[in-house]
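Only a predicted model underlies this, so the values are computations on that prediction, with no experimental measurement involved.
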Amino acid sequence: MLLSHLPRELRDHIYTFVCLAVRDQPHPSTCRKEDRKVCERLGYSFAPIVKDRVWFERRLIQNPLLSLLLVNRQVHREAQDVLWRMGDLPNCVLDVMFLKDEALWPTWLSVPNVRRNLGTVYTQFRVFHAPEHLRTREAFDLYGSEGPGPPPIVWLFYHLLAALLRNGPLTLDKDDDSGSFTVRTLILDFLPASEKGILPLASFVQYFKEIDDISASTNSDLG
């Protein structure tokens, strides 16, 4: 049966289902650095050492609904109507893999429509051991902090957030100041580790314990 033979209500449900389709979340075993790119923009981070530890997708994510716009005039009009009814603030899904002691790998799983103003961005974080082919050559302690500032892992997540607010679901091929993205609601969902031997991060826990001790001592002195 042809799509045009279905009732309009069913066609709209199909368009909506295609528009809200969610890609399969990646797994470290199938990821390749050749398909990713780091953002080397200095302004994104106060800790340049972590700039090469956030791996973004090279290709621009496209909604599958866009291909329907090229079918014919009727489907084009109906698909556009579905996009319009979804409103000006699209809701997106972002997956972030944290490879222990190594890097962050963000992947946009669902982007109904690319707009500068996003609605709700649901972001899930998953932690894995880093496979051999994704490890960096230089050993680096993400959790230790020699100076008064936070450890590099804090700047790692800051670098991720700054780059995503600058580029959104777009590629990083044009690293300029053409604009930025806003997010109305950001949901952070940290999923439990599925592999053994990942947590706890002892040195990272110790860092926050020291911060709490300093804060308690300061409040005591002020009292």
Side-chain angles (χ1 to χ4, degrees), residues 21-64 91-112 114 118 120-144 150-175 180-181 183 186-201 203-204:
V22 179
R23 300 162 61 193
D24 292 334
Q25 57 191 24
H27 189 274
S29 61
T30 59
C31 291
R32 303 189 313 161
K33 288 186 176 181
E34 293 79 4
D35 299 329
R36 299 281 176 149
K37 179 181 180 181
V38 296
C39 181
E40 299 179 351
R41 186 182 177 89
L42 181 59
Y44 285 164
S45 180
F46 293 112
I49 196 170
V50 303
K51 290 190 303 178
D52 60 348
R53 292 180 179 269
V54 182
W55 292 82
F56 300 92
E57 293 180 278
R58 284 185 177 273
R59 65 185 181 89
L60 173 64
I61 178 174
Q62 293 185 343
N63 191 297
N91 299 324
C92 305
V93 178
L94 176 66
D95 175 81
V96 180
M97 292 191 303
F98 172 47
L99 304 186
K100 183 183 177 183
D101 303 333
E102 288 292 334
L104 296 174
W105 287 63
T107 303
W108 290 96
L109 300 182
S110 177
V111 180
V114 178
L118 303 178
T120 298
V121 176
Y122 169 80
T123 307
Q124 65 176 20
F125 291 85
R126 300 177 297 141
V127 59
F128 297 92
H129 290 293
E132 186 65 30
H133 70 285
L134 297 183
R135 293 179 183 174
T136 55
R137 296 181 180 179
E138 299 179 1
F140 182 60
D141 183 12
L142 284 176
Y143 316 105
I153 190 173
V154 174
W155 294 117
L156 184 69
F157 281 88
Y158 168 84
H159 183 63
L160 169 69
L161 178 61
L164 291 177
L165 289 179
R166 169 67 64 175
N167 296 282
L170 302 178
T171 61
L172 302 178
D173 293 335
K174 296 182 178 180
D175 195 10
S180 58
F181 285 76
V183 178
L186 178 62
I187 299 176
L188 304 180
D189 188 5
F190 293 85
L191 304 181
S194 59
E195 300 176 344
K196 296 181 179 180
I198 290 182
L199 299 177
L201 306 176
S203 55
F204 198 33

Has D95 got a side-chain atom pairing as donor or acceptor with T107's backbone, closer than 3.5 angstrom?
no

Just by modelled atom types, is the D101 backbone N or O under 3.5 Å from a matching donor or acceptor in the R135 side chain?
no

Say whether, by atom type as modelled, one donor and one acceptor occur between the side chain of H133 and the main chain of T30 under 3.5 angstrom.
no

N/O donor-acceptor pair under 3.5 Å between R53 side chain and E102 backbone:
yes

Given E195 and K100, is the side-chain contact (heavy atoms from CB on, under 4.5 Å) satisfied, shown in steps?
CA-CA 11 Å; E195 300 176 344; K100 183 183 177 183; over 6 Å; no

Gap between atom OH of Y122 and atom CG of L186 - 0.5 Å precision:
11.5 Å

Spacing of K37 atom NZ and W55 atom CH2 [to the nearest 0.5 Å]:
11.5 Å

Decide, yes or no, whether a salt bridge links R23 with E57 under the criterion of side-chain N to carboxylate O below 4.0 Å.
yes

What verdict does the side-chain contact (heavy atoms from CB on, under 4.5 Å) test give for F128 and W105, after you've listed the backbone C-alpha separation in whole Å, the side-chain angles of each residue and the deciding distance to 0.1 Å?
CA-CA 11 Å; F128 297 92; W105 287 63; over 6 Å; no

Would you call the rings of F157 and F125 parallel, tilted or perpendicular, taking 30° and 60° as the class edges?
tilted

Find the distance between CG (L134) and OG (S29) and round it off to the nearest 0.5 Å.
9.0 Å

What I'd like to find out is whether the side chain of V121 reaches to under 4.5 Å of the side chain of F181, using heavy atoms alone.
no

Could you measure the distance from the CG atom of L142 to the CG atom of L99? Nearest 0.5 Å is fine.
10.5 Å

Looking only at heavy atoms, what is the nearest atom pair of P112 and N91, with distance?
CD-O, 3.0 Å

Do side-chain atoms of Q124 reach the backbone of L191 as a donor and acceptor pair under 3.5 angstrom?
no

Give me the atom names and distance for the closest heavy-atom approach of G168 to W108.
O-NE1, 3.3 Å

Please say whether more than 12 non-hydrogen atoms of neighbouring residues, nucleotides or ligands are located less than 6.0 Å from CG in D189.
yes

From L156 CG over to L104 CG, what is the distance, rounded to the nearest 0.5 angstrom?
4.0 Å

Considering the options L160, L109, L164, which one meets the side-chain contact (heavy atoms from CB on, under 4.5 Å) requirement together with L94?
L164

Please give me the minimum heavy-atom distance between P106 and F56, naming the atom from each residue.
CG-CD2, 3.6 Å

Could you give the distance from CZ (R58) to NZ (K33), rounded to the nearest 0.5 Å?
12.0 Å

For R36, salt bridge (Lys or Arg N to Asp or Glu O under 4.0 Å) partners two or more places apart
none

